[in-house]
Chemist: 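This structure is in C-alpha cells; I'll ask about it shortly.
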Amino acid sequence: MKPNITLAETRTPNGARMTLVEHDGSFCIRVNGQQLMHSAVTTSEVELGALGCERVAGKKSAPRVLIGGLGLGFTLKSVLENVGPNAVVHVAELFSEIVEWNRTHLQPLNGGLLSDPRVTVFEEDVRSVIRRAARTPYDAIMLDIDNGTTAMVSDANNALYSAAGIKQIAEALKPGGRAAVWSASPDAPLAGRLHQAGLHVRPVASRVHATARRSAYMIYLADKPERATQRH
C-alpha cells in the first residue's frame with residue numbers, strides 16, 4: 001500500500017495545521033487531518049465553474065469573472081473552458097501558500113493555468129476584492145472558500161455570507177450577473193439572505209462523484225436582475 005506523503009504545510013488564522021498530501025498520484029489538502037479538498041473528488045467544483053459562467057459562456061464579449069478560493073484549481077479550469085479568449089478572470093486566494101503549492105507541487109494538475117494570460121491572482125481575502133468591485137463589477141462571481149458556508153479554516157469567512165456580506169456580493173455584480181456559492185450541505189438561511197439582497201436564487205444539488213447515486217453538496221445560483229426592482 002502506497003504511503004501518504006506530506007508535501008507542504010502551513011498554519012491557518014485559526015491556528016490549525018493545513019497540509020498538502022499526495023497519495024498514489026492524487027492530492028489532498030487537509031486541515032488538522034480532516035479532508036478539505038481532494039483531486040479525485042472534483043465534480044462539484046467543476047459544476048460550480050460551469051454554472052457560474054452559464055450566462056456568459058460562448059459570448060464574444062470580454063466578461064469579468066471572480067473566483068473566490070483557488071483550492072486545487074478545478075473551478076478555475078472549468079471557468080477557463082467556459083469563457084472566451086477575451087475574458088478577465090480574477091482569482092482571490094487568502095493563502096499565499098496555496099498559490100505557491102499550485103505553481104510547484106500541483107503544477108502538473110492545474111497549476112499551469114495560473115500562467116494563462118486571462119488569469120490574475122490576488123493573494124488576499126476575497127471580501128476585499130468584492131468591496132472594490134462595486135466600482136468595476138463582475139459578470140460572474142464563484143465562491144468556494146473554506147468548507148463552503150461553514151468556516152473550518154478561518155472564522156472571518158463567516159462574514160462573507162452574513163447579510164452585509166451578501167449585500168456586497170450583490171453590489172459587485174453587473175445587472176444580469178450571477179453569483180454561484182458552493183456549500184457542503186443545504187443552507188436555507190443563506191438562500192434567504194441572497195433573496196433579501198434582491199437576487200433570484202436557485203439551489204442546484206451536486207454529486208461528490210459524477211457516478212454517485214445521490215447528491216451531497218449544494219450550489220446556490222443567485223442572479224441579479226437586468227433592471228433594479230422598484231420597491232413600494
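Note that these values count all heavy atoms, side chains included, but never hydrogens, waters or copies made by symmetry. What you see is a predicted model, and the numbers here were worked out from it, not measured in a lab.
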Chemist: Would you give the length of the straight line joining atom CD of Gln34 to atom CD1 of Ile29, rounded to the nearest 0.5 angstrom?
Modeler: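 Rounded to the nearest 0.5 Å, the CD-CD1 separation comes out at 14.0 Å.
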Chemist: Under the side-chain hydrogen bond (donor to acceptor under 3.5 Å, both in side chains) rule, collect the residues that match up with Asp139, sequence neighbours excluded.
Modeler: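 Asp139 satisfies side-chain hydrogen bond (donor to acceptor under 3.5 Å, both in side chains) with Lys174 only.
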Chemist: Return the OG1 to CD distance between Thr75 and Glu47, rounded to the nearest 0.5 Å.
Modeler: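 Nearest 0.5 Å value for the OG1-CD distance: 10.5 Å.
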Chemist: Let me check something: do Val204 and Met142 share a hydrophobic cluster, defined by ILVMFWY side-chain heavy atoms less than 4.5 Å apart, either directly or through other members?
Modeler: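 Val204 and Met142: one cluster.
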Chemist: Pick out which of Ile98, Val126, Asn102 makes a side-chain contact (heavy atoms from CB on, under 4.5 Å) with Glu93.
Modeler: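 Between Glu93 and the candidates, side-chain contact (heavy atoms from CB on, under 4.5 Å) is satisfied uniquely by Ile98.
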Chemist: Going by atom type alone, with no hydrogens or angles, which donor-acceptor pairs under 3.5 Å involve a side-chain atom of residues 108-115 and a protein atom two or more places apart or on another chain?
Modeler:
residue : atom : partner : partner atom : Å
Asn110  : ND2  : Leu72   : O            : 3.0

Chemist: Can you tell me how far apart OG (Ser78) and CD (Glu45) are? Round to the nearest 0.5 Å.
Modeler: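 Those atoms lie 10.0 Å apart.
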Chemist: Scan residues 1-11 for pairs that pass side-chain hydrogen bond (donor to acceptor under 3.5 Å, both in side chains), counting only residues two or more places apart or in two chains.
Modeler: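 side-chain hydrogen bond (donor to acceptor under 3.5 Å, both in side chains) check on residues 1-11 returns Lys2-Asp24, Glu9-Arg17, Thr10-Glu97.
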Chemist: In this structure, would Leu36 and Phe95 fall into the same cluster of hydrophobic residues linked by side-chain contacts under 4.5 Å?
Modeler: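 Leu36 and Phe95: one cluster.
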Chemist: Looking at residues at least two apart in the chain, or sitting in another chain, which of them share a side-chain hydrogen bond (donor to acceptor under 3.5 Å, both in side chains) with Ser128?
Modeler: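 Counting only residues at least two positions away or on another chain, Ser128 forms a side-chain hydrogen bond (donor to acceptor under 3.5 Å, both in side chains) with Arg131.
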Chemist: With sequence neighbours left out, what residues match Arg118 under side-chain hydrogen bond (donor to acceptor under 3.5 Å, both in side chains)?
Modeler: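 Arg118 satisfies side-chain hydrogen bond (donor to acceptor under 3.5 Å, both in side chains) with Asp116 once adjacent residues are dropped.
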Chemist: Minimum heavy-atom separation for Glu171 and Pro137, please, with both atom names.
Modeler: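 The pair with the smallest heavy-atom distance is O-CB, 4.4 Å.
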Chemist: Between Asp223 and Arg55, does at least one N-O distance fall below 4.0 Å, as a salt bridge requires?
Modeler: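 A salt bridge links Asp223 with Arg55.
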Chemist: Applying ring pair (Phe, Tyr, Trp, His ring centres under 6.0 Å), name anything that partners Tyr138, two or more places apart in sequence or on another chain.
Modeler: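 Tyr138 satisfies ring pair (Phe, Tyr, Trp, His ring centres under 6.0 Å) with His90 only.
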Chemist: Are the side chain of Glu22 and the backbone of Gly25 linked by a donor-acceptor contact shorter than 3.5 Å?
Modeler: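 Checked: pair present.
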Chemist: Restricting to non-hydrogen atoms, name the atom on Leu70 and the atom on Val99 that form the minimum distance, rounded to 0.1 Å.
Modeler: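 Minimum heavy-atom contact is CD2-CA, 4.0 Å.
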Chemist: Is any side-chain heavy atom of Val79 closer than 4.5 Å to one of Asn82?
Modeler: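 The answer is no; the side chains never approach within 4.5 Å.
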